[in-house]
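All remarks here apply to the structure that follows.
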Amino acid sequence: MAIREILTVPDPVLKQVSTPVEGGVTDELRALMDDMLETMYDAPGIGLAAIQIGVPKRIIVMDLSHSEEKRAPKYFVNPEILETVEETTPYEEGCLSIPDVFDEVDRPVKCLIRYLDYDGNQVEEWAEGLYAVCIQHEMDHLEGTLFIDHLSRLKRQRAVEKVKKAKRLASKTKAA
Ligand code: GNR
Ligand code: NI
């Protein structure tokens with residue numbers, strides 16, 4: 001397993017639409033998912049889409065357990081949202097690709113999802129609560145959409161400038 005670099009805005013790779021995995025869940029794909037999970041835990045975050053480490057494939061990992069002792073990793077290959085309910089609710093979101101930026105996004109409170117799991121079995125289930133928020137955030141990544149794309153243009157520009165500035169400062173510190 002290996003920790004990979006997480007891409008941050010304004011990296012254009014994050015805008016790419018990811019393509020479906022073909023040929024099912026292979027050992028090679030599981031190795032990639034293991035790396036994604038390790039990268040996510042290290043960050044730390046509760047979800048990660050493959051595009052965030054520069055791999056434009058429709059793969060997501062997640063762990064909502066918030067506990068290092070009782071880890072509960074979830075893996076999603078070729079996930080689809082089949083249905084959403086009409087009711088929406090705001091949740092304060094963050095993103096590992098937009099460090100230190102948080103804002104409220106309105107999303108449907110429940111969604112029905114279908115995906116292949118780590119063993120390649122097809123799963124269909126309703127997601128709700130934080131699970132629903134996170135899977136919709138990650139599914140957006142597969143379409144090249146970030147949570148700041150749901151905000152006003154001003155807020156989006158401010159967010160990108162904040163990350164750019166932090167990167168400039170970090171590179172200066174390293175050079176000095
Ligand atoms: O770690 C993360 N936390 C989070 C909080 C609220 C809503 C969504 C998320 S996902 C994020 C990790 C990430 O960037 N996944 O793409
Ligand atoms: Ni994200």
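Bear in mind the structure is a predicted one, so any value in this text is a computation, not a measurement. For ligands, and for the atoms within them, numbers begin at 1 and follow the listed sequence.
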Open item on the list: Counting C-beta onward and ignoring hydrogens, is there a side-chain heavy-atom pair between Tyr118 and Pro73 closer than 4.5 Å?
Closed with: no

- [ ] Can you pull out the closest protein heavy atom to atom 1 (O) of ligand 1? Residue, atom name and distance to 0.1 Å, please.
- [x] Ile46 N, 3.0 Å

Open item on the list: Taking Met40 as the starting point, is it possible to reach Ile53 by hopping between hydrophobic residues whose side chains are less than 4.5 Å apart?
Closed with: yes

Task: Nearest heavy-atom neighbours spanning Ile148 and Arg156 - done: O-NH1, 3.3 Å

Open item on the list: Please list, in number order, the atoms of ligand 1 under 4.0 Å from a heavy atom of His141.
Closed with: 16 (O)

Open item on the list: I need the contact type for Glu138 against ligand 1. Using non-hydrogen atoms and a strict under-4.0 Å cut-off, is it side chain, backbone, both or neither?
Closed with: side chain

Task: Proximal atoms of ligand 1 relative to Gly45 (non-hydrogen, under 4.0 Å) - done: 1 (O)

Open item on the list: Just to confirm my output: which protein heavy-atom neighbour is closest to atom 12 (C) of ligand 1, and how far is it?
Closed with: Gly47 O, 3.2 Å

- [ ] Using distance alone, decide if ligand 1 has a nitrogen or oxygen within less than 3.5 Å of any nitrogen or oxygen in Tyr91.
- [x] no

Task: Nearest non-hydrogen protein atom, atom 8 (C) of ligand 1 - done: His137 ND1, 3.6 Å

Open item on the list: Using side-chain heavy atoms (C-beta onward) and a distance below 4.5 Å, is His150 in contact with Thr145?
Closed with: yes

Task: Residue portion contacting ligand 1 (non-hydrogen atoms closer than 4.0 Å) for Glu93 - done: both

TODO: Have a look at the Ni ion (ligand 2) and estimate, to 10 degrees, the angle subtended by SG (Cys95) and NE2 (His141).
DONE: 100°

Open item on the list: Suppose I only count heavy atoms of Cys95 and a 4.0 Å limit; which atoms of ligand 1 are within that range?
Closed with: 14 (O)

Task: salt bridge (charged side-chain N to carboxylate O under 4.0 Å, His left out) against Lys164, all qualifying residues, sequence neighbours excluded - done: Glu161

- [ ] Show which atoms of ligand 1 fall inside a sub-4.0 Å distance from at least one heavy-atom site of Gly94.
- [x] 4 (C), 5 (C), 6 (C), 8 (C), 9 (C), 10 (S), 11 (C)

Task: Shortest protein heavy-atom distance from atom 14 (O) of ligand 1, along with the residue and atom involved - done: Leu96 N, 2.8 Å

Open item on the list: Do Arg114 and Phe76 form a cation-pi contact, if we require the NZ or CZ to be under 6.0 Å from the six-membered ring centre and within 45 degrees of the ring's axis?
Closed with: no

Open item on the list: Which atom name would you report as the N, O or S atom of His137 nearest the Ni ion (ligand 2)?
Closed with: NE2

Open item on the list: Does Tyr131, at its OH atom, have more than 12 non-hydrogen atoms belonging to other residues, nucleotides or ligands within less than 6.0 Å?
Closed with: yes

TODO: Would you indicate whether the side-chain heavy atoms of Asp11 and Thr8 approach each other to under 4.5 Å?
DONE: no

Task: Shortest non-hydrogen separation from Met36 to Ala50 and the atoms involved - done: CE-N, 3.4 Å

